[in-house]
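Okay, so here's the structure we're looking at.
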Amino acid sequence: MADVPNGEQGCASPLELFNRIAAQGELVRSLKAGKAPQDEIDSAVQMLLSLKMSYKAAMGEDYKADCPPGNPAPGNNSGLGATEAEEDFVDPWTVQTSSAKGIDYDKLIVRFGSSKIDKELVNRIERAIGQKPHRFLRRGIFFSHRDMNQILDAYENKKPFYLYTGRGPSSEAMHVGHLIPFIFTKWLQDVFNVPLVIQMTDDEKYLWKDLTLDQAYGYAVENAKDIIACGFDINKTFIFSDLDYMGTSPGFYKNVVKIQKHVTFNQVKGIFGFTDSDSIGKISFPAIQAAPSFSNSFPQIFRDKTDVQCLIPCAIDQDPYFRMTRDVAPRIGYPKPALLHSTFFPALQGAQTKMSASDPNSSIFLTDTAKQIKTKVNKHAFSGGRDTVEEHREFGGNCDVDVSFMYLTFFLEDDDRLEQIRKDYTSGAMLTGELKKILIEVLQPLIAEHQARRKEVTDEIVKEFMTPRKLSYDFQEHTLRSARQSENEKGAPRQQTAALPGSSARGPSQSPGFSREHRRWGSRGDHPTPPT
């Protein structure tokens, strides 16, 4: 695997970066010439791009092989820093920025046409759920939304909604960045007490990656174990593989076809950048990711109801799929899905790119040992500190670019302690090594506890999560209860209601073939869950 010497590319001089880029470029060429595995080539290319972005951030201009720093390029009369940074680029497959601070999310909100999650909305969520909002909301990690106020209107008026999120299983191993939407989605499921569907897009990874169908499905199952280990309620959660579910669910496939009929080739080219050389599988895939946004794609959960609104927590790079979905929804008679968008989890080497499952040193993986976590943070985490202790004490560090501090904003629950760390590091009272030590002490137990929970996820548990079934949250019964509650609040006499046709005393978790222990997994008190 390609690596950056000492993992300190952010602190390197322009000349050192220039030399590293040259060496990395030679490595990429040799790997391609030697027909190395594609993952290894991709990792080397990603590192090369990261180095070039760091060089541009330092120099204010692109890397040129024949122009070392200090030697102006022929015909280049612009001064250092005169070149304006390129616009951030974000789509479902690529995230690029030239800024060490990462993506400018305020500009992205304007470009995508979404709405900022402001203090007023966070306060409304707090009032609705009656408890402190998740740290991801308090700290702006989930920063943008579409129609979240409609979801709160529904909740406050006792109308049902459901959650939908997903995972593209490109490898067997997941890293901590992959946990962000699932940690938040679990919190949403707990505080709103609603059903959840989780789509594993193994078909997408087969179309985009050099994988066999069996490999893609195998990765989906393995990734599902990590997702289940986040503590989701088995009675309210359905995880499905596209390769497995679409062939057995006419309702799901009918919605896929409806969506396909209402989106033209020109539209998907404009939204996703497809070209005439892309396979028809890629061109048709967006309809598959859109279909879970509509409740009748899951008749075993929602029966034939088409008016149950969907809330989708996801990273902002997935928004193009759901802009398309929201455009189609009213034309096929369905409510538009609402969305909550998260920022990107930075690579250890800096916020210029997302973490990569193909580069072990860009990420803290869920399989890493305590020793590996310590080594990766100490060696590879990009520092916002100064070059010398004396300078750092005098001028302080930069939390805006320091990856260890960024990680703490995701995983350290205590707001007061996080603010004190920020003040100490910014003032120079805390050194980079001390900041990294705090992060290591936060990450090591987090990963160890996740690994312990994952060991308890058996193949039978995965099978039950992935079996199409009625979930315990009954929407028709919920509607009747809400109506009775409203009548009681108005002082109306309570009426006896007959059992619904087709209802059963046996809940969905009591399917035959699974032990009582398995049925209760995910909601037991003795299973720790990620901190909120």
Side-chain angles (χ1 to χ4, degrees), residues 90-93 108-109 111-115 144-151 153-154 159-168 181 195-201 203-204 207-208 238 240 242 245-247 249-276 278-299 301-341:
V90 175
D91 73 9
W93 307 280
L108 205 58
I109 286 173
R111 193 185 313 163
F112 280 12
S114 59
S115 300
S144 166
H145 75 100
R146 296 184 188 276
D147 290 343
M148 184 59 190
N149 281 302
Q150 285 187 14
I151 294 294
D153 288 343
K159 293 180 180 178
F161 70 92
Y162 70 101
L163 296 166
Y164 156 41
T165 193
R167 160 84 181 131
L196 162 68
V197 295
I198 300 176
Q199 180 183 45
M200 308 298 288
T201 57
D203 52 343
E204 176 203 16
L207 292 167
W208 263 269
F238 173 46
F240 65 98
D242 283 344
Y245 181 64
M246 195 159 74
S249 175
F252 188 93
Y253 183 62
K254 285 176 182 177
N255 278 337
V256 169
V257 174
K258 286 181 183 179
I259 298 161
Q260 289 172 338
K261 182 175 181 177
H262 288 82
V263 181
T264 68
F265 181 44
N266 279 337
Q267 285 176 310
V268 292
K269 284 198 296 184
I271 296 169
F272 301 102
F274 294 139
T275 68
D276 292 343
D278 281 309
S279 71
I280 59 174
K282 289 183 179 181
I283 294 162
S284 62
F285 172 75
I288 297 173
Q289 184 158 324
S293 305
F294 306 129
S295 56
N296 62 343
S297 292
F298 306 99
I301 303 172
F302 305 110
R303 303 184 183 177
D304 58 351
K305 295 180 73 69
T306 61
D307 59 349
V308 183
Q309 192 170 12
C310 174
L311 174 61
I312 306 170
C314 63
I316 188 72
D317 61 341
Q318 298 301 299
D319 189 69
Y321 284 109
F322 301 113
R323 292 203 301 272
M324 180 199 78
T325 307
R326 286 167 57 84
D327 179 65
V328 169
R331 290 188 280 148
I332 57 178
Y334 299 149
K336 294 181 179 181
L339 289 100
L340 291 169
H341 300 127

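Here the structure is a predicted model, which means the values were calculated and not measured.
Atom NZ of K269 is surrounded by more than 12 heavy atoms from other residues, nucleotides or ligands within 6.0 Å.
Taken from CZ in R326 to CD1 in I312, the straight-line distance is 9.0 Å, to the nearest 0.5 Å. The distance from atom CG of L207 to atom OG of S279, rounded to the nearest 0.5 Å, is 5.5 Å. Separation of atoms NZ (K258) and CD1 (I332) is listed at 6.5 Å; rounding is to 0.5 Å. Here T201 contributes atom OG1 and W208 contributes atom CH2; the two are 9.0 Å apart, rounded to the nearest 0.5 Å.
The shortest distance between side-chain heavy atoms of M324 and I259 falls below 4.5 Å. Looking only at side-chain heavy atoms (C-beta outward), L339 and D147 stay at 4.5 Å or farther from each other. Contact annotation: the side chain of L196 never approaches that of Y162 to less than 4.5 Å [non-hydrogen atoms, C-beta and beyond]. Residues D278 and T275 meet the side-chain proximity criterion, which asks for heavy atoms closer than 4.5 Å. Two residues are said to be in side-chain contact when any heavy atoms from C-beta on lie closer than 4.5 Å; I301 and V197 meet this criterion. Taking the side chain as every heavy atom from C-beta outward, I198 and F240 never approach each other to under 4.5 Å. Within the 4.5 Å cutoff, the side chain of M200 has no heavy atoms near those of the D242 side chain. Using a 4.5 Å cut-off on side-chain heavy atoms (C-beta onward), Y164 and L311 make no contact.
A side-chain N or O of N255 and one of S297 form a donor-acceptor pair less than 3.5 Å apart. Side-chain atoms of Q309 and Q150 form a donor-acceptor pair, as typed in the model, at a separation below 3.5 Å. Side-chain atoms of D307 and Y334 include no donor-acceptor pair closer than 3.5 Å.
A donor-acceptor contact shorter than 3.5 Å links the side chain of S284 to the backbone of G281. Remark: the backbone N or O of Q199 is not paired with any side-chain donor or acceptor of Q289 at under 3.5 angstrom. Distance alone, capped at 3.5 Å, is enough to place a donor-acceptor pair between the S249 side chain and the F252 backbone. Judged by distance alone, with hydrogens and angles left aside, the side-chain atoms of T165 form a donor-acceptor pair with the main-chain N or O of P313 at under 3.5 Å. A side-chain donor-acceptor contact under 3.5 Å links Q267 to the backbone of T264. In this structure, the side chain of S295 engages the main chain of K305 through a donor-acceptor pair within 3.5 Å.
Taking the six-membered ring for Trp and thresholds of 30 and 60 degrees, F272 and Y321 have ring planes inclined between 30 and 60 degrees apart. Using bins of under 30°, 30° to 60° and over 60° for the plane-to-plane angle, the ring pair Y245/F238 lands in the perpendicular bin.
Each of P292, S293, C310 was compared with T325 under the side-chain contact (heavy atoms from CB on, under 4.5 Å) criterion, and only S293 meets it.
Summarising the geometry of S114 relative to S144, their closest heavy-atom pair is OG-OG, 2.6 Å, with the distance given to 0.1 Å.
Under a 4.0 Å N-O distance rule, the pair D327/K336 does not qualify as a salt bridge. We find that R146 and D319 are joined by a salt bridge, their nearest charged nitrogen and carboxylate oxygen being less than 4.0 Å apart.
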Run the numbers on F274 and F265 for ring-ring contact (aromatic ring centres under 6.0 Å, His included), then give the verdict. CA-CA 9 Å; F274 294 139; F265 181 44; 8.1 Å; no

